[in-house]
Amino acid sequence: MTYEAGSYDVIVVGAGHAGVEAGLASARLGAKTLMITINLDMVAFMPCNPSVGGPAKGIVVREIDALGGEMGKNIDKTHIQMRMLNTGKGPAVRALRAQADKFTYQHEMKKTLENEPNLTLIQGMVEQLIVEEGECKGVITQTGAVYSSKTVVITTGTFLRGEIILGELKYSSGPNNQQPSIKLSEHLQELGFDLVRFKTGTPPRVNSHSIDYSKTEIQPGDDVPRAFSYETTKYITDQLPCWLTYTNEETHTLIDNNLHRSPMYSGMIKGTGPRYCPSIEDKVVRFNDKPRHQIFLEPEGRNTQEVYVQGLSTSLPEDVQQKILRTIPGLENVQMMRAGYAIEYDAIVPTQLWPTLETKKVKNLYTAGQINGTSGYEEAAGQGLMAGMNAGLKSLDKEEVILSRSDAYIGVLIDDLVTKGTNEPYRLLTSRAEYRLLLRHDNADLRLTELGHKVGLIREERYKKFLVKKQAIEEEKKRLQSIIIKPTSEVQELIKSQGGSELKDGIRASDLLKRPEMTYEHIQKLVPAEGTLDPDVTEQVEIQIKYEGYIEKSLQQVDRLKKMENKKIPENIDYDAINGLASEAKQKLKEVRPLSIAQASRISGVNPADISILLVYLEQGRIARISAE
Amino acid sequence: MEFDTIAAISTPMGEGAIAIVRLSGDQAFEIADRLFRGVGGKRLKDVASHTIHYGHIIDPKTGEVAEEVMVSAMKGPKTFTKEDVIEINCHGGLVSVNRVLQLLLNNGARLAEPGEFTKRAFLNGRIDLSQAEAVMDLIRAKTDRAMNVALGQMEGRLSKLIQKLRQEILEILAHVEVNIDYPEYDDVEEMTHHMLLEKSAYVRKEIEKLLRTSQQGKILREGLSTVIVGRPNVGKSSLLNSLVHENKAIVTDIPGTTRDVIEEYVNVRGVPLRLLDTAGIRETEDIVERIGVQKSRQVLKEADLILLVLNYSDELTAEDENIFKAVEGMDVIVIVNKMDLEQKIDMDRVHELSKTHKLVTTSLLEDKGVDDLEDAIASLFFEGSIEAGDITYVSNTRHIALLNQALNAIDEAMQGVEMGTPIDIVQIDLTRTWELLGEIIGDSVHESLIDQLFSQFCLGK
């Protein structure tokens with residue numbers, strides 16, 4: 001029996017890290033939104049490591065924030081420690097990482113969802129989509145509730161036909177022993193979607209009381225207060241440390257001796273696991289010359305004794321896990337509270353998506369997060385935000401948004417997925433971004449606030465503050481470019497003290513700042529600005545001036561990219577009608593159906609000659625249309 | 001105008017006295033102005049469109065004059081491609097035309113792909129619809145041919161060398177990446193400026209080495225530049241004729257290049273010779289007399305091989321001795337001609353002057369000794385006195401251009417290091433080097449960096 005349960009603009013299935021951003025984005029930009037999750041107690045749950053951010057990922061969190069998303073604000077409220085990584089390197093690769101109190105993280109996020117005016121949050125398991133003539137019109141739950149909507153976003157994470165594997169044990173389950181979603185997976189297959197089987201894993205958790213921390217090294221957070229969100233004003237000051245220890249010969253021998261009991265090597269696990277997140281048994285086998293591996297002990301929260309053992313992801317049997325733990329310094333008497341496990345799940349082949357994250361097969365249906373073959377909370381949240389934004393915009397008959405590879409890491413992530421696909425759970429790395437000097441932690445607001453404001457996710461007040469900051473940056477840059485610093489003894493003294501060579505002549509303040517030994521602070525001392533400038537402003541001025549040459553070079557490349565992005569390929573193009581395309585290229589183009597020449601040129605198997613032919617073909621069509629008119 | 005600026009030699013290979021290098025795109029004028037020195041410091045960007053200008057192409061790095069030229073400056077859209085177009089008319093034969101092209105490529109232009117000028121003309125709306133299919137066929141056909149060449153080279157030594165070099169760079173990149181993406185990973189030391197400089201210097205050296213072979217590649221492609229010298233009436237003309245008539249003249253297979261009328265190409269036992277200034281010999285029999293001592297010294301200096309001819313039936317003169325002096329330290333074959341006549345030459349003195357040079361006696365009139373001469377040329381070449389032999393050749397203009405760009409990129413990386421620029425920013429230039437080398441062998445897939453990362457280091461949670 002089914003019943004009519006209500007009508008919405010947007011329905012979001014799932015309330016993990018992708019789901020919450022999707023639901024909030026769609027509700028905030030004005031679409032009446034319903035969120036359905038299997039278990040309301042698991043909203044924004046962190047089934048793996050209790051941390052947010054890190055290289056590339058941390059920048060994604062900043063981007064989410066600049067587009068009006070929630071992840072940054074939520075972690076700012078609920079972290080137990082925060083660190084800026086790569087501070088010794090260039091500005092492009094600096095990244096913030098926080099250890100989360102995973103329980104308050106969930107509670108805060110749930111509170112935010114509950115208090116969002118346009119958003120309805122309910123518990124239920126979606127088993128079927130309502131699809132009529134290739135268009136998604138709603139969902140049906142296990143209990144027979146029929147919800148209709150203009151668009152639907154699926155963010156089911158690792159729940160699709162999830163199976164937990166722990167040693168010789170294997171059972172049907174979502175993460176952390178949640179109910180898996182089996183019928184929806186079958187239903188997607190019936191609708192004609194190609195699914196793949198992926199695998200990921202998590203390490204055991206141990207009781208903090210049973211750890212001898214004296215045998216480990218302390219890993220404290222930064223002394224300086226940090227925040228992901230540009231809106232955060234309250235900083236958490238009492239931080240908790242993490243701890244570092246190592247595996248050893250004994251650990252490795254133990255693992256070697258028990259490999260036959262590992263589901264990875266017995267063939268029980270068939271799903272493809274990520275290379276960047278190998279299990280400890282994988283590390284020991286593949287890098288058997290390494291005498292030790294790092295193990296980070298990370299508290300899971302302020303009100304729990306559970307500690308996450310980072311570096312020890314494993315699916316070995318429970319008794320072996322217990323023994324492995326006890327070979328590690330500091331963990332000799334450790335009490336394991338939960339065993340690690342591997343989980344296999346279905347994901348859809350992401351080349352079945354448009355860059356808006358709408359599926360090509362079923363109109364008005366969007367997918368985001370791990371279902372699209374990614375891994376990581378931040379990757380999920382970034383996609384959730386974009387899918388929710390686009391599902392909301394579409395339900396309101398507004399133009400959808402696609403981020404370019406030069407706009408954001410989120411753009412890189414989505415473009416990689418829908419253009420190249422992935423044969424393992426996809427993780428963002430800084431090396432995946434061609435323009436990483438432009439996609440920095442510090443300038444996420446400069447890159448994206450305008451867009452966030454335009455779609456209605458950034459409120460007026462914040463937008464005005466942003467414009468003030470932007471202007472202050474420009475003015476200060478202009479000032480330094482116009483002011484000449486003369487070689488006075490004070491100036492020479494300062495330069496010498498920094499190990500630089502003395503000035504022969506007067507020099508523009510901006511040019512002096514370009515010298516490697518000079519900082520904005522030095523320049524400021526020589527030619528002080530009127531009034532005090534915000535550190536956010538001076539940071540931008542310093543980076544933009546110091547790395548001007550490199551930034552300029554990147555911008556030129558982006559210019560070329562943009563030109564190719566502006567060459568649109570019509571959706572209804574018939575690749576079979578184009579003479580001269582190589583057959584591999586034809587097949588790939590038909591599969592991916594790129595929206596622009598730029599996207600087409602990134603498809604593997606499509607070579608420059610094919611692109612030339614495509615360009616000529618498109619131009620031919622344009623001329624034909626003009627002459628017909 | 002939406003494309004980058006491309007360049008190519010636009011005149012077909014043949015007997016034309018001039019060759020035209022064409023430049024098309026937004027930056028055509030800017031790039032040309034970097035190289036062109038017109039009369040009175042005239043800049044092409046300031047001249048009226050569709051006018052022609054006399055001047056010189058110089059190498060901005062050395063300030064050296066590369067070629068005397070006439071340059072046509074044409075602003076779009078009234079041009080073949082509808083873009084800004086510069087056409088450089090060169091007179092100096094194969095070598096200098098190539099040099100002009102190379103300079104353009106080093107200064108911001110990209111080597112045009114097959115059919116690309118036509119393609120642009122079409123894309124910019126210059127050619128009508130009926131020609132579109134033909135353009136596509138052209139692109140496909142030419143690319144297939146280029147692909148075959150590319151495949152041939154894939155198996156070759158060059159590609160192995162490039163792959164090795166790229167692997168070296170890839171390891172550096174992966175090292176830097178692991179420092180960035182896994183800052184807490186302690187198994188690998190932080191890449192320092194010092195390490196990076198050392199590794200970059202190595203890469204730079206290897207690229208330079210490859211570029212040096214391009215000079216030798218040029219020998220195979222363009223011939224060993226050879227000059228015949230000697231006093232009037234010693235038989236230079238006969239020598240030329242016998243070399244040309246006995247051997248098949250080489251037809252060069254470099255697209256878009258032209259042969260200079262005053263050069264002859266001959267193939268001697270597999271050694272390609274480009275006989276320089278042959279017209280001069282034919283006209284006046286005396287290169288020294290014709291172009292003056294200074295200039296002839298210059299010609300001599302640029303030659304790879306000297307054929308020095310003496311007259312057996314005449315006494316050695318001061319002029320002969322001077323010629324010996326002029327070619328000192330070069331690869332020389334001494335030919336004593338007119339053996340059919342009565343000896344007047346002092347052979348002991350000839351041996352003395354010849355030092356280690358090979359010495360052949362001939363009677364060109366009776367067709368005697370020519371075999372010995374050819375043996376001498378071949379052995380000189382193949383025994384490695386003239387550096388060539390069994391090494392990797394970089395001979396393709398596109399490859400040379402890419403190598404030069406790679407060299408510039410690695411130079412910029414090294415400058416960055418010396419400036420103390422953060423390593424992850426220096427890496428931009430290093431990655432560029434890697435990509436440019438990849439273009440040579442048709443492989444620029446970014447994914448391999450990520451593969452390298454995870455195979456080289458043990459990472460994960």
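Every chain is numbered from 1 and lettered A, B, ... according to where its sequence line falls, protein lines coming before strand lines. Below, each value reflects all heavy atoms present in this structure, side chains not excepted, and no hydrogens, waters or symmetry copies.
Scored by the side chain to side chain contact (heavy atoms under 4.5 Å, CB included) test, A:Thr519 finds A:Glu521, A:His522, A:Glu542 as partners (sequence neighbours excluded). When the side chain to side chain contact (heavy atoms under 4.5 Å, CB included) test is applied to B:Arg34, the partners found at least two apart in sequence or on another chain are B:Gln27, B:Glu30, B:Ile31, B:Asn107.
The structure places CE of B:Met419 at 9.5 Å from NZ of A:Lys514, a figure rounded to the nearest 0.5 Å. Taking OG1 of B:Thr421 as the reference point, atom OH of A:Tyr547 lies at 7.0 Å (rounded to 0.5 Å).
Using a 4.5 Å cut-off between heavy atoms, A:Leu437 touches chain B through its side chain atoms alone. Using a 4.5 Å cut-off between heavy atoms, A:Arg94 does not touch chain B at all. Contact of A:Arg515 with chain B is not made at all, since no heavy-atom distance falls under 4.5 Å. Contact annotation for B:Asn179: both backbone and side-chain heavy atoms come within less than 4.5 Å of a heavy atom of chain A. Contact of A:Arg83 with chain B is made through the side chain alone, with heavy-atom distances under 4.5 Å. Interface residue B:Glu190: only side-chain heavy atoms are found under 4.5 Å from chain A.
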Between A:Glu434 and B:Arg432, does a salt bridge (Lys or Arg N to Asp or Glu O under 4.0 Å) hold up when you go through it step by step?
CA-CA 10 Å; A:Glu434 299 86 340; B:Arg432 181 98 192 105; over 6 Å; no
Passes salt bridge (Lys or Arg N to Asp or Glu O under 4.0 Å), A:Arg432 versus B:Glu177? Steps please.
CA-CA 10 Å; A:Arg432 296 199 197 263; B:Glu177 290 302 331; over 6 Å; no
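A donor-acceptor pair under 3.5 Å is absent between the side-chain atoms of B:Glu184 and the main chain of A:Gln294, judged by distance alone.
Residues A:Lys553 and B:Ile428 form no side-chain contact, since every pair of their non-hydrogen atoms from C-beta on lies 4.5 Å or further apart.
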